[in-house]
Protein chains: 2
Amino acid sequence: MSLTKQKILKAAVDLFNQKGYVNVSIRDIASSTGISVGNLSYHFNTKAAILENIYQQIITERNSLLSGIQLIPTVKTIHEQLSPIIGLYQKYQFFYLDILEIIRANPKIAKLHRTHIQTQIQYIKAVLDYSVETGNMLPESHKGQYQHLSHTLWMLLSFWLHQQKIRAKEGNYLHEARSAVWNLVIPYLSDKGKKNLHTIYEKQYTISNPKS
Amino acid sequence: MSLTKQKILKAAVDLFNQKGYVNVSIRDIASSTGISVGNLSYHFNTKAAILENIYQQIITERNSLLSGIQLIPTVKTIHEQLSPIIGLYQKYQFFYLDILEIIRANPKIAKLHRTHIQTQIQYIKAVLDYSVETGNMLPESHKGQYQHLSHTLWMLLSFWLHQQKIRAKEGNYLHEARSAVWNLVIPYLSDKGKKNLHTIYEKQYTISNPKS
DNA sequence: GTCTATAGAGTGATAGAC
DNA sequence: GTCTATCACTCTATAGAC
């Protein structure tokens, strides 16, 4: 990809994150890149084309992130791996914040993203199942329990920034989102799992309380 | 409030729910109401004025709903009261779905809604605390646990429709949102609480599984 | 109260010179 | 590849007749 194309995409992501997808015009992107509208349109025919390229970028980054991950999830590795995952949600936050508008206007991305979400939830479920096997989590107490939990965990991660924006809470995004995840999981941890989690947070008083 | 004003607000809510707040023009609202743009502007100076009136309507309905509620929450009354609350999220879904765009463009509503959310979370917390007193829920196992849980419950309720739209799942909104709430709470229920919950769902196999 | 007509500022996208 | 100029359109809001 040409340098100009890369610069356009970078400027676009920054602007989208700042003002929201629908509030950024191709004029804004052009001037922020330092080129003319005509030139921008030469590189990307439409605004949708820019979005599609960014989405490809998101998928690529996420895949390379997941492929680099330890296959044996322990409490510690899960804790550490949450960091880059949450980081992606932040880097391309406009996509997750404005997802409803985006899929309304772009059926192609809508479909891709839908299966992507499905994959993510199943990935979480697999980590939970494996944690049962390694004795960090208790077995399901009723059928479907961990499917539900996976779904809620996904919601927590993918809407965390959204709720933070709405409530105008500024705190440490990574830290708080990760705390919320662990607090949700705690009741399902075995004694072994709890002990492992405690080791991670031992330097702190406890898993941080929400700021009410 | 004049009949015309009421008709405008009703048409506006319907259109906002269908197409999303930003995608509805005052022309759309006028023609859907069956009046001219000029006439619409006579009744509401700006699009923001329409939104503010709708927001007032939401608050009024919610207050009258909460004031009519049993003060002694049991598992059964909580279950029943979830229905009208979830119903409100559905009736004014555009507000919750497009909340980010709405607060971006309307600081006044942003501030009101922020304190409103705060109240809701504290209300949930109060219900949990009371449920501990009545023996339906276990005492907190660590400080801040139920504050966290209240927050997550609020997220689940307020983003449920959002995730449903994104994932293009059509199922029964009330039924599924309520199941998600109970599934989140189950690990914290006492034996008494579990028994009471079981009574409610006894005609079903179990609390419904998510559709994967 | 209700209408038509229009101002004025945006938008995405394109034509055509260099 | 890059630019300027412009088309064709949509939007909110208002002016002024009835």
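Predicted model, so just to flag it, every value in this text is computed and none were measured. Throughout, protein chains are lettered first and strands after them, A, B, ... in sequence-line order, and every chain is numbered starting at 1.
Not a single donor-acceptor pair under 3.5 Å links the side chain of A:D98 to the backbone N or O of A:F95. In this structure, the side chain of A:T119 engages the main chain of A:T115 through a donor-acceptor pair within 3.5 Å. Side-chain N or O atoms of B:K47 include one that pairs as donor or acceptor with a backbone N or O of B:V24 at under 3.5 Å.
Contact check, B:Y42 against C:dT2: no side-chain N or O comes under 4.0 Å of OP1 or OP2. When the side-chain nitrogen and oxygen atoms of B:T4 are compared with OP1 and OP2 of C:dT2, one or more of them lie within a distance under 4.0 Å.
Atom CG of B:L40 and atom P of C:dA5 are 18 Å apart (whole Å). A straight line from NZ of B:K47 to C1' of D:dT14 spans 18 Å, rounded to a whole angstrom. A straight line from CZ of A:F44 to C1' of C:dG12 spans 16 Å, rounded to a whole angstrom. In this structure, A:I8 atom CD1 and D:dC3 atom P are separated by 10 Å, rounded to whole Å. Atom-to-atom, CD1 of B:I26 to P of C:dG8 comes out at 17 Å; the value is rounded to the nearest Å. Atom CG of A:N45 and atom P of D:dG1 are 14 Å apart (whole Å). Spacing between atom CG of B:D28 and atom P of D:dT10 amounts to 11 Å, rounded to whole angstrom units. When rounded to the nearest whole Å, the span between CD of A:Q6 and P of D:dG1 equals 13 Å.
The shortest side-chain heavy-atom distance between A:N196 and A:I200 does not fall under the 4.5 Å cut-off.
Of the candidate nucleotides D:dT4, D:dA13, C:dT4, D:dT4 has the atom lying nearest to any side-chain atom of A:S36. Of the candidates C:dT14, C:dG12, D:dT14, the closest approach to any side-chain atom of A:R27 belongs to C:dG12. The side chain of B:I35 sits closest to C:dC3 out of C:dC3, D:dG1, D:dC11. Nearest nucleotide to the side chain of A:N39, out of C:dG12, D:dC3, C:dT2: D:dC3. For A:S25, the side-chain atoms get nearest to C:dG12 when compared with the rest of C:dG12, D:dG1, D:dA13.
At a threshold of 4.0 angstrom between heavy atoms, the contacts of B:V24 are confined to the sugar-phosphate backbone, with no base atom among them.
Taking the centre and axis of the six-membered ring of A:F44, the NZ or CZ atom of A:K5 falls inside the cone set by 45° and 6.0 Å.
Between A:N23 and A:G38, the one whose closest nucleotide on DNA chain C sits nearer the 5' end is A:N23.
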